[in-house]
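Down below is the structure, laid out as structure tokens.
Proteins come first, then strands; the chains are lettered A, B, ... in the order of their sequence lines, and each starts at number 1.
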There are 2 protein chains.
Amino acid sequence: MSNMNAIQHNPTHHTTIQLLQSHSLTTLVQQEIARLIETGELSAGDKLNEWSVAERLGVSRGPVREAFRALAETGLLRMEKNRGVFVRQVSIKEAEEIYEVRAALDQLVGRRLAEIIRPEQLKELRVIVNGMEKAAAKQDVDAYYPLNLRFHDTLVQFTGNSKLLTTYRRIVNELNLYRRDALAGEKGNLLVSTREHKKIVDAIASGDPDRASRALHDHVAAGRERMHRAHGIREPVQITRARKKST
Amino acid sequence: MSNMNAIQHNPTHHTTIQLLQSHSLTTLVQQEIARLIETGELSAGDKLNEWSVAERLGVSRGPVREAFRALAETGLLRMEKNRGVFVRQVSIKEAEEIYEVRAALDQLVGRRLAEIIRPEQLKELRVIVNGMEKAAAKQDVDAYYPLNLRFHDTLVQFTGNSKLLTTYRRIVNELNLYRRDALAGEKGNLLVSTREHKKIVDAIASGDPDRASRALHDHVAAGRERMHRAHGIREPVQITRARKKST
DNA sequence: TCTTTGTATATTGTCAACAATCTACAAAAC
DNA sequence: GTTTTGTAGATTGTTGACAATATACAAAGA
């Protein structure tokens with residue numbers, strides 16, 4: 001035990017060991033498929049063939065099947081017995097539901113961050129928002145989209161609540177399955193959306209939990225409306241409103 | 001197509017077909033293990049041996065491994081490569097985090113239900129609460145516990161938001177991994193808890209979203225405190241407070 | 001006695017083969 | 001021409017075998 005510390009802790013070796021210890025073929029396949037969905041190379045409704053995927057990644061069907069199970073559990077894939085697995089389709093009704101849950105989670109995020117945010121974290125957020133502003137000015141949706149995701153993911157990370165983070169990510173992943181289709185005519189909205197993000201950061205910086213909570217709720221609600229407009233639908237169901245402080 | 005309707009739709013056959021179509025061995029194994037954890041026959045930290053489980057259920061290791069993957073994704077199991085799978089241990093820190101997320105979700109539940117609850121649904125809730133009252137009077141924790149779970153699950157079901165339901169269930173399942181240990185000296189709390197449940201139903205029945213939201217938030221916060229007292233810990237971190245309406 | 005090293009065993013990771021099921025399409029019946 | 005039925009091919013579900021890794025324990029050395 002005593003001379004354990006004598007071992008040279010080459011950081012490269014260290015991470016390599018951890019990589020081998022944690023990453024089985026199944027995990028790798030899982031990550032790869034998740035990536036393909038995220039980048040849009042696989043889109044909603046596509047059928048995944050076990051043998052093809054196995055062939056393409058140079059593994060056998062076993063790990064692929066296990067990866068499918070895991071991804072089905074996260075909601076990215078749908079499995080039909082004896083028929084195959086498909087990239088999940090998210091209906092507008094489900095998107096509604098997800099937006100409602102996300103609003104609740106984001107309210108919690110705002111409330112919490114207003115209490116505990118640190119200056120360097122605020123700076124990091126403002127850097128992201130600046131990037132979004134530039135992308136918005138150029139109407140560059142491809143640059144804007146990942147920054148948007150990163151902004152919100154960072155917010156949740158800063159809460160320090162890892163359970164909240166995994167819950168949030170799961171939800172948002174599913175939402176992206178819907179949004180990818182509906183992201184065509186978003187151009188006009190980038191500037192509006194950026195303004196909302198600035199407002200969120202300012203609200204958090206003010207240290208007022210209610211204000212931050214409301215800013216995030218309103219942003220999610222606005223995003224939901226943009227989704228509807230993109231699909232030419234007006235306003236099916238009323239999402240829970242942000243409540244004012246008065247009576 | 002026309003004579004399809006001539007087929008006798010024997011309901012028994014119908015469900016049998018659906019059962020065969022949806023339930024693969026993997027699904028069965030998954031459900032069985034989930035049940036074993038829920039009923040406490042498997043408890044946190046236990047190691048699961050692939051071959052033993054396969055033997056016991058009369059299947060091969062393949063489906064068992066797939067079931068493990070799925071359950072690991074839901075948070076019920078933890079997989080360590082080349083070491084095995086274990087029933088997940090939930091630390092008090094994680095329990096804290098989960099309580100915070102759950103509070104946010106339950107607030108949403110309350111707000112929503114206050115708007116849309118139907119009389120027969122209120123009645124159903126009151127039936128459950130009555131059962132809890134009887135169990136509490138007899139200090140019968142074994143009877144009380146499942147009713148408590150069912151009460152909250154029913155609440156979320158009544159929102160009609162299926163995404164909220166799956167999210168909620170996932171969270172609560174993990175919380176139960178912790179609570180099972182900490183449920184020893186709960187006896188004195190049953191009456192208090194029952195009172196809170198009544199308050200929740202009344203708040204929902206009043207149709208006031210804020211009141212219902214607050215009732216559920218406070219109940220979750222109180223549950224969190226009971227957890228702490230059961231472990232002899234006072235108050236580590238401040239969970240987000242329910243906010244009064246006044247400025 | 002304590003540590004270290006090596007070996008046997010058990011368990012998991014991966015693969016390839018077989019069985020069960022579905023799909024597509026052609027042949028037969030109406 | 002339309003529907004039904006049957007068959008061939010493809011795909012998934014399941015299994016058992018083998019390889020890689022970890023664990024437990026005994027033997028050797030300090």
So that I can tick it off, tell me whether [Y] and [X] are bridged by a salt bridge, with the cut-off set at under 4.0 angstrom between side-chain N and carboxylate O.
X: A/Glu94; Y: B/Lys163; value: no
X: A/Arg69; Y: A/Glu73; value: no
X: A/Arg35; Y: A/Glu41; value: yes
X: A/Glu174; Y: A/Arg170; value: no

Whole Å only: how far is the [atom1] atom of [X] from the [atom2] atom of [N]?
X: A/Leu25; N: D/dA19; atom1: CG; atom2: P; answer: 16 Å
X: B/Glu50; N: C/dT12; atom1: CD; atom2: P; answer: 5 Å
X: B/Met79; N: D/dT21; atom1: CE; atom2: P; answer: 17 Å
X: A/Trp51; N: D/dT14; atom1: CH2; atom2: P; answer: 22 Å
X: A/Asn82; N: D/dT14; atom1: CG; atom2: C1'; answer: 11 Å
X: A/Lys81; N: D/dT11; atom1: NZ; atom2: C1'; answer: 14 Å
X: A/Glu80; N: D/dG13; atom1: CD; atom2: P; answer: 11 Å
X: A/Leu48; N: D/dA10; atom1: CG; atom2: C1'; answer: 16 Å

- Closest to the 5' end of DNA chain C, once A/Arg83 and A/Thr26 are matched to their nearest nucleotides, is A/Thr26
- Query: DNA chain C: B/Lys47 or A/Val59, which has the more 5' nearest nucleotide?
  - Reply: B/Lys47
- Task: Taking side-chain contact (heavy atoms from CB on, under 4.5 Å) as the test, write out the residues that go with A/Lys47, two or more places apart.
- Result: A/Phe86
- Closest to side chain of A/Asn49, choosing from C/dT23, D/dT12, D/dT23: D/dT12
- Taking A/Thr159 for its side chain and A/Val156 for its backbone only, find out whether a donor-acceptor pair lies under 3.5 Å. yes
- Name every residue in residues 60-76 of chain A that has at least one heavy atom under 4.0 Å from any atom of DNA chain C, in order of residue number, or write none if there are no such residues. A/Ser60, A/Arg61, A/Pro63
- How many angstroms lie between CG in A/Leu77 and CG in A/Leu48, if you round to the nearest 0.5 Å? 6.0 Å
